Every structure is written in structure tokens, then in C-alpha cells.
Amino acid sequence: MAVGVIVSTGGGKQHPGKMTPFVFLTCLVASSGGLIFGYDIGISGGVTSMDSFLSRFFPSVYKQQMADSSTNQYCKFDSLLLTLFTSSLYVAALLSSFLASTAVPVYLSEMAPAFLRGTLNIGFQLMITVGILAANLINYGTASIKGGWGWRVSLGLAAVPALIITIGSLVLPDTPNSLIERGHDEEAKAMLSKIRGTEDIRAEYDDLVAASDEAKSVHHPWSNILQRKYRPQLTMAILIPCFQQLTGINVIMFYAPVLFKTIGFGSEASLASAVITGTVIVLGTFVSIATVDKLGRRALFLQGGTQMLISQLVVGTLIALKFGISGAATDVSKNYASIIVLFICFFVAAFAWSWGPLGWLVPSEIFPLEIRSAGQSINVSVNMFFTFFIAQVFLTALCHLKFGLFYVFAGWVAIMTAFIAFFLPETKSVPIEEMVLVWRKHWFWSKFISDEDVHVGNPEAADDRFKDA
């Protein structure tokens, strides 16, 4: 007999709707908010591998990384100031997330029809990966600019994605949820009809109004989210973004050129390898877009977690065999280095169709309206905090833990995969307003939610839509 993990076959009412050109273009423009985030991730690791940048701002690191291979390869980039340059980008994001809640994933989830919510929401992650790839390509191209101007061009071009999202924000329409919440009922009906491509919107509109009415009765969402009935959402808002960063992905994306340089690649070769991983993460995200609303969230989480676990173990072992404990090594052969890059690509691909997009998607679709702003603020703040923390400690941790650091990340991947298996129910195709039914029928979370806490749908009828594995 299987353990009592809840598996949903889709669940929830299916409101009429289809993919319209308007909702596609709207979500595409909104997703462009991910461009600048991805560009920042990719650009910082690239410029810190450029000799002209290091010699100007971090001369001690420059001297370390120019030393011969008899020195400790694990510690050649260990610098508090160098990591602070990279990680400081996320302190500002951490603070602003308390005010902005991170608007993009929530906006996408509210605009998309339930059966396409995963596909359209992952557009945000796709734009992040495009930003990373663009940064890697630009770093590769600018590294050869004479006179040390390459890093200046790379950093300056961050203005382009910033301009795109600024212009995009001026033309985006309000979501029906937002219009209802502000009392514009007729405009909300018109917008809902426009994005669903049908006049048959009464049932969905009524659910949105009911959710809005309940939300208006909540005057303190930051204290309300601590109530027992919101324990499932609060737990996911904290652990999913925490786990997403503990996969070690941003270590790879931040420091890919630095990491490749550490294992023996030359400066240009390390940037080229970063372009390869950037390309893989974009392609992997398309896999998620194509499958997330067919296979569901859990299947991608579990498969991706397993593949990441294996990849981290192999990469750690390959580095251990070459550099050992001392970190000293002879030249790394092209074939050996290529094998390491291959398994890093396996890891990146798995992340790209699992924890990458789903780490943003799932938290954005599980909060009821009355705590959505507080819940999403917590989600993004936790994400930014751990992004900052891991970026700040990685190079020091690599110096002290050596190849064992990859085993540490592998251990976390094992933990988070088990967490998903036992504690995350399937949310595919469930309207956001009915998500409480998913928690109510889960083997573990049901103890926190009573029938009186369910104000949408019929709690008893949910038995027909959810079953024990």
C-alpha cells in the first residue's frame, strides 16, 4: 500500500476559456520583467572572470587566479569583497519585495486561464533564462575588447532590459482580480471576457467576487497569514524559494565562468562554457512550458530533483578525483573538463524544467486573495535572502569544503525532493480560488483546515476530484 500522498487528476471546476492573442501578448510583455533579473545573474559572474575587471577592482584576487596550478585551486577566487559585488544586487531586491510582492508571477497567474496557468507563468522563468544567456553571450563577446572596456559594456547594457520592462509596464492592463478589488466591476467583466475569449464568464466572475469579498474582510494580511488555516501556504512560501536556492543553481549561474576557470579552462573558454550552460537552461525551460500543464508540477519536481541529485554527486566526484583535498593539480585535459561541463549541463537542464520555473509558479498560484500580497512578499523575500546568502558564501565555502560543497548541495536536493513527494499536492488546472480544496484533502495539510474554512466550492464534492495514492 502506498503512503497517503494526495494525487490530483486535475481537480477543481473548469471555467470556460482559451488562449487568446491578447492574453498571450499580455503575459509575454509582463514576463519581460524576468529579463533584468536573469541579466544581472549572468553578467556579474562573467565580468568577475575578466582579467581587466579583476586587476582594476580586485587586484589580490587577480594575483591569486594568475598563480600556477600548484596552488590551491579551490581558493583562488576566495574574496569577501568579490562575492559582495555579486550578492549585493539582491539586498535591494530583498528590501523592495516587501513593497512590490513581486508582481510578475502573481500577475501572470491571475491573467492566465487555469488550464494554461503553468505554461504562461513559466514565461517569467523563460525570460530569466533568456536574460542569463544574453549576458553570457555579451560577456563572451566583450571579453576580447581591447583597453579593458569589455566589462564596462557588459554592465552598461543592463539598461536595455530595464528599458523594456519600464515601457512594458506602461501598456499592461489590470487583471480582473485587481479591478474587482478596486470596485470596477463592469471593467472587470469586460477584461475577464477579453482574456478568456468568451462571454460565458459568470461562474468564474462569481468566484472572483467571492474571493474579493473575503479578502476585503481581512484587514491585516501579515498577521492573518500566521493563522492555522494558512499553514500550508506559509510553509510553501518559505520552503520552496529556500529549496530553490539550495539546489546550488545560482552558484552555477553566478560563478559559471569562475568555476570553469577554477577547473582549468582559460578565460575565454570559461566564458564559452557559460554560454553553453546558458543555452541549456533556455532549452530546458521550453521543456517545462510544453509539459507542466500536461504532466503536472509534481512529476517535473520529482524527475528534476532526481537528475540534479545524480549530477551534483558526479560533478563533486570528478572534481575530487582531479584536485583532491589539496586543490593542486596538473593541467585538466580537454576531455576531462568536457565531462564535467556535460554533467553540469545535465544539472542545469533538470533545474530548468523543474525547480527553476516551478519555484516561481507554485507559490504564485496557491495563495487565496486575502493573503496573496503578504504570501508573495514572503516568497520573494526568502528567495532573495537565500540568493544573497549563497552567493556571498559560495567562494569561501568552496575554499573550505572543496569538492564536498557539491555533496552538500546534493544532500539538500535529496531533502527537497522528499519534501515534494510527501507534502506538495498537485495544483495543475485547479483555479486559484479553489486551491483551498487541494489542501483540505491532503493527507497532512487537512488537519490544519476545517470545512468552515472552505468558502468556495463544495468540500464534500472535492472527494470526487482527489484520491489517495
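Since the structure is predicted, the reported quantities are computational estimates derived from the model, not experimental observations. Just so it is clear, the values below take in all heavy atoms, side chains as well, and ignore hydrogens, waters and symmetry mates.
- Within a 6.0 Å radius of OH in Tyr140, other residues, nucleotides and ligands contribute 12 heavy atoms or fewer.
- Between Phe57 and Trp151, the gap from one ring centroid to the other is short of 6.0 Å.
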Enumerate donor-acceptor pairs with a distance under 3.5 Å from any side-chain N or O in residues 18-26 to protein atoms, sequence neighbours excluded.
residue, atom, partner, partner atom, Å
Thr20, OG1, Val23, N, 3.1
Thr26, OG1, Phe22, O, 2.8

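- The backbone N or O of Ser446 sits nowhere less than 3.5 Å from a side-chain atom of Lys441 that would complete a donor-acceptor pair.
- Aromatic ring orientation, Phe423 versus Phe419: tilted (interplanar angle from 30° to 60°).
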Donor-acceptor contacts, no H, no angles, side chain residues 30-39, under 3.5 Å, sequence neighbours left out:
residue, atom, partner, partner atom, Å
Ser31, OG, Cys27, O, 2.7
Ser32, OG, Val29, O, 2.5
Tyr39, OH, Ser154, O, 2.6

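- Note on ring orientation: taking the six-membered ring where Trp is involved, the planes of Trp445 and His442 are tilted (angle from 30° to 60°).
- Aromatic rings from Phe343 and Phe346 are positioned such that their centres are separated by under 6.0 Å.
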Distance-only donor-acceptor hits, side chain of residues 163-173, under 3.5 Å, sequence neighbours excluded:
residue, atom, partner, partner atom, Å
Thr166, OG1, Ala162, O, 2.7
Ser169, OG, Ile165, O, 3.4
Ser169, OG, Thr166, O, 2.7

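- A donor-acceptor distance shorter than 3.5 angstrom exists from the side chain of Arg298 to the backbone of Ile420, with no hydrogens or angles considered.
- Every residue two or more places apart in sequence or in another chain was checked for a side chain to side chain donor-acceptor pair (under 3.5 Å) with Thr285, and none qualifies.
- Between Ser44 and Asp40, the side chains place no donor N or O within less than 3.5 Å of an acceptor N or O (distance only, hydrogens not considered).
- Using bins of under 30°, 30° to 60° and over 60° for the plane-to-plane angle, the ring pair Phe85/Phe53 lands in the tilted bin.
- The shortest distance between side-chain heavy atoms of Trp412 and Thr247 does not fall below 4.5 Å.
- A salt bridge between Arg297 and Glu365 is present, with a side-chain N of the basic residue lying under 4.0 Å from a carboxylate O of the acidic one.
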Exercise. So Ile432 and Arg372, side chain to side chain contact (heavy atoms under 4.5 Å, CB included) or not? Walk me through it.
Worked result: CA-CA 11 Å; Ile432 296 177; Arg372 192 168 297 163; 3.1 Å; yes
Exercise. When you look at Ser429 and Asp293, which way does the side chain to side chain donor-acceptor pair (under 3.5 Å) test go after all the steps?
Worked result: CA-CA 7 Å; Ser429 299; Asp293 287 318; 5.3 Å; no
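- Checked against the 6.0 Å centroid criterion, the rings of Phe243 and Phe301 do not qualify as a close aromatic pair.
- Checked against side chain to side chain donor-acceptor pair (under 3.5 Å), Tyr407 has the following partners two or more places apart in sequence or in another chain: Thr317.
- Each salt bridge (Lys or Arg N to Asp or Glu O under 4.0 Å) pair with one or both residues in residues 26-35, not counting sequence neighbours, would appear here, but there are none.
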